[in-house]
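Structure first, then comments.
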Amino acid sequence: MGALRAGYGLGQAIEVVVERLPPPMSTEMEKVTRAVNLGLPLQQALEDAVERIGSEDFSMVVVAINVHYETGGNLAETLEIISDTVRDRLRMLAEIRVLTAQQRFTGYVLAALPLFTALAVFLINPGYIMDLFQPGWIRLLPAGAVFLQVLGFFVIRRIVDIEV
């Protein structure tokens, strides 16, 4: 954005990004610059970079650049707003991870607790647990318990996985 504000064109600003940013972003922007130098339109080169990177944030930047090409306006200001949005989103994501840390830990504990309990009972009285593995329908109980335990673990993970 600083390069755009300083009066550079978009192509020159991308070259500044290549020089100043560390990989992997500089590598991707270098591919964009190389594609443009070989004759590919800048919009297409950026779209190809979006497909390679797969970032929702970078996709917003490319959409803003494409809209700027069609309608004009102050691209530096638009990119400033997008960068503020991305920073706020990342900050909110970090806050959510902190606030859900206890619930994620609880999910791990609840998943592991029956296994440790069964192991402790097996060490104390192996015959008690081995009755669950006798031939017949009784074998369905441990299999059902493991299935429900795994299902519960994934339900807890899904509950605490909040999209930003």
Side-chain angles (χ1 to χ4, degrees), residues 1 13-14 17-36 40-68 75 78-164:
M1 288 179 292
I14 291 175
V17 167
V18 169
E19 293 172 8
R20 296 193 180 167
L21 285 182
M25 195 61 189
S26 63
T27 307
E28 287 299 325
M29 290 297 105
E30 186 176 13
K31 289 178 184 177
V32 168
T33 303
R34 194 175 315 128
V36 169
L40 196 65
L42 181 61
Q43 292 90 348
Q44 183 61 44
L46 288 171
E47 289 293 333
D48 292 344
V50 167
E51 288 178 19
R52 282 192 307 269
I53 295 172
S55 168
E56 202 174 295
D57 300 330
F58 187 64
S59 177
M60 280 195 305
V61 170
V62 171
V63 167
I65 291 171
N66 289 339
V67 168
H68 169 73
L75 181 61
T78 304
L79 293 178
E80 178 87 25
I81 292 169
I82 289 173
S83 70
D84 290 342
T85 302
V86 169
R87 279 190 204 103
D88 289 344
R89 195 171 136 262
L90 291 175
R91 182 187 51 78
M92 191 179 305
L93 184 62
E95 285 180 21
I96 288 172
R97 288 203 42 87
V98 167
L99 293 173
T100 60
Q102 181 179 358
Q103 288 76 16
R104 283 183 282 126
F105 181 72
T106 300
Y108 292 125
V109 169
L110 288 176
L113 189 61
L115 297 173
F116 288 127
T117 305
L119 180 64
V121 170
F122 178 75
L123 292 175
I124 293 170
N125 188 0
Y128 190 73
I129 289 289
M130 294 312 291
D131 286 342
L132 292 173
F133 297 101
Q134 297 299 322
W137 65 270
I138 196 77
R139 284 188 184 176
L140 295 176
L141 291 177
V146 168
F147 172 75
L148 291 175
Q149 195 65 30
V150 170
L151 180 67
F153 174 74
F154 284 118
V155 167
I156 289 174
R157 296 247 341 203
R158 178 85 173 143
I159 289 171
V160 298
D161 184 28
I162 299 172
E163 296 288 326
V164 180

**Report entry** Minimum heavy-atom distance I82-M60, with the two atoms named
**Finding:** CD1-O, 3.7 Å
Query - Side-chain heavy-atom pair V121, I124 within 4.5 angstrom cut-off - result: no
Report summary line: Sequence neighbours excluded, the answer for side-chain contact (heavy atoms from CB on, under 4.5 Å) partners of I96 is M92, T100, I162, V164
Report summary line: In short, side-chain hydrogen bond (donor to acceptor under 3.5 Å, both in side chains) pairs touching residues 40-49 with sequence neighbours left out are Q44-D48, E47-N66
Requested in this report: Please name the pair of heavy atoms, one in Q149 and one in A111, separated by the smallest distance, quoted to 0.1 Å.
Outcome: NE2-CA, 3.3 Å
**Report entry** Closest contact, heavy atoms only, V32 versus A49
**Finding:** CG2-CB, 3.7 Å
Query raised in the report: Can you tell if the side chain of R157 reaches within under 4.5 Å of the side chain of F153, non-hydrogen atoms only?
Result: yes
Query raised in the report: Considering all heavy atoms of both residues, which atom of R139 and which atom of Q134 are nearest to each other, and what is their separation?
Result: CG-O, 3.3 Å
Requested in this report: First locate atom CG of L141, then atom CG of D131, and finally report the distance between them rounded to the nearest 0.5 Å.
Outcome: 11.5 Å
Query raised in the report: What distance do T78 atom OG1 and H68 atom NE2 have between them, rounded to the nearest 0.5 Å?
Result: 8.0 Å
Requested in this report: Please name the pair of heavy atoms, one in S26 and one in V18, separated by the smallest distance, quoted to 0.1 Å.
Outcome: CB-O, 3.4 Å
Query raised in the report: Taking C-beta and beyond as the side chain, do I14 and V36 meet within less than 4.5 Å on heavy atoms?
Result: no
Report summary line: Between the CZ atom in F105 and the CG atom in L110, the distance rounded to the nearest 0.5 Å is 10.0 Å
Query raised in the report: Hey, are the side chains of L42 and L46 touching, using non-hydrogen atoms and a 4.5 Å cut-off?
Result: yes
Report task. In sequence, state the C-alpha distance, the side-chain angles, and the governing distance for Q102 and T106, and then conclude on side chain to side chain contact (heavy atoms under 4.5 Å, CB included). Result -> CA-CA 6 Å; Q102 181 179 358; T106 300; 4.3 Å; yes
Query - Pairwise distance CD1(I156) to CG(L151) - rounded to 0.5 angstrom - result: 10.0 Å
Query raised in the report: For the atom pair CG (L115) and CG (L113), what is the distance rounded to the nearest 0.5 Å?
Result: 9.0 Å
Query raised in the report: What pair of heavy atoms forms the shortest contact from F58 to M29, and how long is it?
Result: CZ-CE, 3.3 Å
Report task. Decide yes or no on side chain to side chain contact (heavy atoms under 4.5 Å, CB included) for I53 and E28, but give the supporting numbers first. Result -> CA-CA 8 Å; I53 295 172; E28 287 299 325; 3.9 Å; yes
Query - Inter-residue atom distance L21.CG - E30.CD, 0.5 Å rounding - result: 12.5 Å
Query raised in the report: Should we count CZ of R89 as having more than 12 external heavy atoms under 6.0 Å?
Result: yes
